[in-house]
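Step one of this worksheet: look at the structure below.
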Amino acid sequence: MVLDDTPALDGIFRALSDPTRRAMLRSLTAREQNIGELAAPFDMSFAAASKHIRVLEAAGLVRRRVEGRSHICRIEPAPLKAADEWLRFYENYWLDRLDTLEAILRAEDEQKQGEPP
């Protein structure tokens with residue numbers, strides 16, 4: 001079972017709960033971008049985009065560096081691994097349950113085929 005690092009996972013899932021932040025994170029997989037570039041597809045201000053980036057930073061999903069007046073962001077994928085491990089536990093749980101259901105249904109089918117008409 002995956003150890004539950006609740007504060008870290010809470011921050012990760014909170015950051016990922018917003019579609020704008022998910023889109024920003026996805027765009028950072030292509031390349032580093034400044035906050036203006038991250039804000040452009042959403043027609044939002046620098047301040048609004050910066051708030052989203054702060055949430056992603058707090059979750060450890062983004063790192064920001066300042067070059068002059070530009071705030072350059074890059075993705076930090078390591079925290080996503082923790083979220084993925086947490087989700088995989090439940091994926092495996094449901095796969096096991098579905099395998100059990102499949103076995104029950106197959107046994108019922110075999111039993112029905114063995115009965116006289």
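Contact between Ile35 and Cys73 at its shortest, heavy atoms only, is CG1-SG, 4.0 Å. Of all heavy-atom pairs between Leu61 and Pro79, the closest is CD2-CB, 3.7 Å. Minimum interatomic distance between Leu38 and Gln33 (heavy atoms only, all atoms of both residues): CD2-OE1, 3.8 Å. Across every non-hydrogen atom of Ala83 and Phe13, the tightest pair is CB-CZ, 3.9 Å. Listed here is the closest heavy atom pair of Leu9 and Trp86: CD1-CD1, 3.5 Å. Residues Ala49 and Ala39 share a closest heavy-atom pair of CB-CB, 3.5 Å.
When hydrophobic clusters are built by joining Ile, Leu, Val, Met, Phe, Trp and Tyr residues whose side-chain heavy atoms come closer than 4.5 Å, directly or via intermediates, Val55 is not grouped with Leu25. Hydrophobic clustering (ILVMFWY, side-chain heavy atoms < 4.5 Å, transitive): Ile72 and Met24 are in distinct clusters.
Lys51 is not listed as a side-chain neighbour of Met44, based on a closest heavy-atom distance of 4.5 Å or more.
Judged by distance alone, the side chain of Arg21 and the main-chain N or O of Ile53 form no donor-acceptor pair under 3.5 Å.
With rounding to the nearest 0.5 angstrom, the CZ atom of Arg65 is 10.5 Å from the CG atom of Asn34. How far NZ of Lys81 is from CD1 of Ile12: 12.0 Å, rounded to the nearest 0.5 Å. In this structure, Glu32 CD and Glu67 CD are separated by 8.0 Å, a value rounded to the nearest 0.5 Å.
Between Lys112 and Glu108 there is no salt bridge, since no side-chain nitrogen of the basic residue lies less than 4.0 Å from a carboxylate oxygen of the acidic one.
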Step-by-step side chain to side chain contact (heavy atoms under 4.5 Å, CB included) determination, Ser50 to Arg64: CA-CA 10 Å; Ser50 188; Arg64 178 190 336 206; 3.4 Å; yes
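In this structure, Arg106 places its CZ atom where only 12 or fewer heavy-atom neighbours from other residues, nucleotides or ligands lie under 6.0 Å away. For Arg14, the CZ atom counts as loosely surrounded, since its 6.0 Å shell holds 12 or fewer non-hydrogen atoms of other residues, nucleotides or ligands.
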